[in-house]
Structures are given as C-alpha cells and as structure tokens.
Engineer: 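Could you have a look at this structure, given as structure tokens, before my questions?
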Amino acid sequence: MNQKPYLTLDDVKRIAAAAETEARNNGWAVSIAIVDDGGHLLWLQRLDGAAPVSAQIAPAKAHTAALGRRESKIYEDMINQGRVSFLSAPGLQGLLEGGVPILVDGVCVGAVGVSGVKSSEDAQIARAGIAALA
C-alpha cells in the first residue's frame, strides 16, 4: 500500500503562527484558513479587525487550492481571461487569489487560504505560513 505525507496538528499550528506573524508585521487584519488535502477545515483564525466575510472567503480559497492542487489565482486568471465556465465548477467557490496549496515531496497535503487585504497580500501571508514547514 502506498503511503503519503499529511499535516499534523503541530504542522498546522506552525503554519498558522507564521501566517499570523506575517499579517501582523504588515498591519493586515485577515482571516487565515488551513485545510487538509480533501479541503476539510483544520484551522480558522480571524484576526482582530478582519471583516466577517473574510472568515468565509479564506476557507473557500483554501478548499479550492487543495482540491485543485494549484493556487486559486489560476482559476481567477482563467475567469478574467474569459473562461467563465469555471464559475460553475462543482465544489469550487474560492476562485480568487489567496489560496495556496501545501506541497510536500510533490504531494498536496492541504492548503492555506487568506482573506482580508489585497489578493496578492493574502497569497503572501499564505506562502509565509507554508514556509514555516521548511
């Protein structure tokens, strides 16, 4: 039987702490979501001052990145280039930049989704969190 890596609770806490640090260092009020490889929520954190809707958008971005095994920005770019059919893709709701998959030895073990500031800054926070695993 094949075996694959997976996120432990300690991994999730390290990712969340690093993402929170990146957000706080920049003065950004965001929500941070971490999901497993199936898009199931493992962590949700809404920093003080983050918009309530960000607590729904961040998990959706993470879910999309985990299931698609790619950054959610790819879907946003395709839609913006006229491929609007992706708006009807089943199970994908967070089709905005800010969802980043977590890859370990080429295997997607989950994703981080962030919402609350500019989309590129959301992705910056997500990447900073993931970097804590290295």
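Everything numeric here is computed off the predicted structure, so don't read it as measured data.
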Engineer: Take Ile79 and Leu95 through the side chain to side chain contact (heavy atoms under 4.5 Å, CB included) test and state the conclusion after the steps.
Structural biologist: CA-CA 9 Å; Ile79 292 164; Leu95 303 173; 3.7 Å; yes
Engineer: Taking all heavy atoms of Pro59 and all of Leu41, pick out the closest pair and write down the distance.
Structural biologist: CB-CD1, 4.3 Å
Engineer: Strictly by modelled atom types, are Ser54 and Ser31 linked by a side-chain donor-acceptor pair under 3.5 Å?
Structural biologist: yes
Engineer: How long is the gap from CZ on Arg14 to CD1 on Ile130, to the nearest 0.5 Å?
Structural biologist: 12.5 Å
Engineer: Just wondering, are more than 12 heavy atoms of other shown residues or ligands nearer than 6.0 Å to CD in Gln45?
Structural biologist: yes
Engineer: Looking at Thr8, is its backbone amide N or carbonyl O close enough to the side chain of Asp11 to form a donor-acceptor pair, meaning the two atoms are under 3.5 Å apart?
Structural biologist: yes
Engineer: Could you tell me which non-hydrogen atom of Leu47 sits nearest to which non-hydrogen atom of Ala23, and how far apart they are?
Structural biologist: CD1-CB, 3.8 Å
Engineer: Would Glu76 and Lys61 pass as an ion pair if we require N to O under 4.0 Å?
Structural biologist: no
Engineer: For residues Val112 and Trp28: do they belong to one hydrophobic cluster (side chain heavy atoms under 4.5 Å, members Ile, Leu, Val, Met, Phe, Trp, Tyr)?
Structural biologist: yes
Engineer: Write down the atom of Gly49, the atom of Ala29, and the distance for their closest heavy-atom approach.
Structural biologist: C-CB, 3.6 Å
Engineer: Work out which heavy atom in Ala62 is nearest to a heavy atom in Gly113; give both atom names and the distance.
Structural biologist: CB-N, 3.4 Å
Engineer: Is Asp10 salt-bridged to Lys13, cutoff N-O under 4.0 Å?
Structural biologist: no
Engineer: Supply the atom-to-atom distance Ile74 CD1 to Phe86 CZ, rounded to the nearest 0.5 angstrom.
Structural biologist: 10.0 Å
Engineer: In this structure, would Leu96 and Ile34 fall into the same cluster of hydrophobic residues linked by side-chain contacts under 4.5 Å?
Structural biologist: no
Engineer: If Ile, Leu, Val, Met, Phe, Trp and Tyr residues are connected whenever their side-chain heavy atoms lie under 4.5 Å apart, and connections chain through other members, are Val117 and Val53 in the same group?
Structural biologist: no
Engineer: Identify the heavy atoms of Leu67 and Gly38 that sit nearest to each other, and give their distance.
Structural biologist: CD2-O, 3.6 Å
Engineer: Evaluate the side-chain proximity of Leu7 to Ile15: yes if any heavy-atom separation is below 4.5 Å, no if none is.
Structural biologist: yes
Engineer: Supply the atom-to-atom distance Lys73 NZ to Thr64 OG1, rounded to the nearest 0.5 angstrom.
Structural biologist: 15.0 Å
Engineer: Between His63 (side chain) and Ala111 (backbone), is there a donor-acceptor pair under 3.5 Å?
Structural biologist: no
Engineer: Distance check, rounded to the nearest 0.5 Å: Leu87 atom CG versus Met78 atom CE?
Structural biologist: 10.5 Å
Engineer: Working to the nearest 0.5 Å, report the span between CD of Gln93 and OG of Ser72.
Structural biologist: 13.0 Å
Engineer: Between Asn26 and Gln124, is any pair of side-chain heavy atoms under 4.5 Å apart?
Structural biologist: yes
Engineer: Around Asp105, counting heavy atoms of other residues, nucleotides and ligands shown, do more than 12 lie under 6.0 Å from its CG?
Structural biologist: no
Engineer: Please test Tyr6 against Asp37 for side chain to side chain contact (heavy atoms under 4.5 Å, CB included), starting from the C-alpha separation and ending with a verdict.
Structural biologist: CA-CA 8 Å; Tyr6 62 93; Asp37 62 338; over 6 Å; no
Engineer: Is there side-chain contact between Arg69 and Pro101, with heavy atoms separated by less than 4.5 Å?
Structural biologist: no
Engineer: For the hydrophobic clusters of this structure (ILVMFWY residues joined by side-chain heavy atoms under 4.5 Å, transitively), does one cluster hold both Val109 and Trp43?
Structural biologist: yes
Engineer: Between Asp122 and Lys118 (salt bridge meaning N to carboxylate O under 4.0 Å), is one present in this structure?
Structural biologist: no
Engineer: Is there a path from Ile102 to Val114 through hydrophobic residues (I, L, V, M, F, W, Y) whose side chains come within less than 4.5 Å of each other?
Structural biologist: yes
Engineer: Just how far is it from atom CD of Glu97 to atom CG of Asn80, taken to the nearest 0.5 Å?
Structural biologist: 10.5 Å
Engineer: On a heavy-atom basis, which atom in Ser115 and which in Ala58 lie closest, and how many Å separate them?
Structural biologist: CB-N, 3.8 Å
Engineer: Can you establish whether the number of heavy atoms outside Glu121 located under 6.0 Å from its atom CD is more than 12?
Structural biologist: yes
Engineer: Please check if atom CZ in Arg83 has more than 12 non-hydrogen atoms from other residues, nucleotides or ligands closer than 6.0 Å.
Structural biologist: no
Engineer: Report yes if some heavy atom in the side chain of Val35 is under 4.5 Å from a heavy atom in the side chain of Leu42; otherwise report no.
Structural biologist: no
